[in-house]
Amino acid sequence: MVQEASDEGHAVSGDPAQVVLDAPRDRAYWARRFEVPAEQVQAAVEAVGSDAARVAAHLGKPWPYEKTGIV
């Protein structure tokens with residue numbers, strides 16, 4: 001579900017660096033994370049690839065963004 005990147009394997013913000021949509025829980029995570037329907041996340045990944053910053057930009061969401069829908 002979560003793939004992170006940097007020297008130690010973690011994104012600077014603590015957010016995953018790649019949007020991976022392999023399982024239903026992955027799709028649910030990213031839908032909550034970006035506060036959009038899972039179908040929008042899937043469409044964004046298809047349009048720009050799995051880089052989380054590019055997906056966020058495509059969805060019009062800031063990256064990183066501290067106030068997500070995840071509680």
Side-chain angles (χ1 to χ4, degrees):
M1 172 177 88
V2 176
Q3 293 179 352
E4 300 173 344
S6 82
D7 292 341
E8 292 92 31
H10 297 283
V12 174
S13 67
D15 286 312
Q18 299 294 313
V19 177
V20 178
L21 303 174
D22 294 336
R25 69 178 184 189
D26 300 335
R27 291 184 286 281
Y29 170 84
W30 286 107
R32 287 190 315 270
R33 175 66 180 78
F34 290 125
E35 298 178 327
V36 300
E39 295 80 10
Q40 275 188 274
V41 178
Q42 180 69 43
V45 169
E46 290 171 5
V48 300
S50 64
D51 179 75
R54 293 184 69 192
V55 172
H58 186 80
L59 294 170
K61 303 290 183 176
W63 187 262
Y65 181 58
E66 298 301 320
K67 297 180 183 177
T68 69
I70 298 174
V71 286

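Since the model is a prediction, treat every value here as computed from it, not as a measurement.
The shortest heavy-atom contact between L59 and V36 is CD1-CG2, 4.1 Å. Here the shortest heavy-atom pairing between P16 and W63 reads O-CZ2, 3.2 Å. Minimum interatomic distance between E35 and K61 (heavy atoms only, all atoms of both residues): O-NZ, 4.1 Å. For P37 against A31, the heavy-atom pair with the smallest separation is C-CB, 4.1 Å.
For the pair V19 and R33, the minimum side-chain heavy-atom distance is 4.5 Å or more.
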Distance-only criterion, 3.5 Å: show the donor-acceptor pairs between side-chain atoms of residues 40-52 and protein atoms not counting sequence neighbours.
from : atom 1 : to  : atom 2 : distance (Å)
Q42  : NE2    : E46 : OE2    : 3.0
S50  : OG     : Q18 : OE1    : 2.6
D51  : OD2    : A53 : N      : 3.3
D51  : OD2    : R54 : N      : 3.0

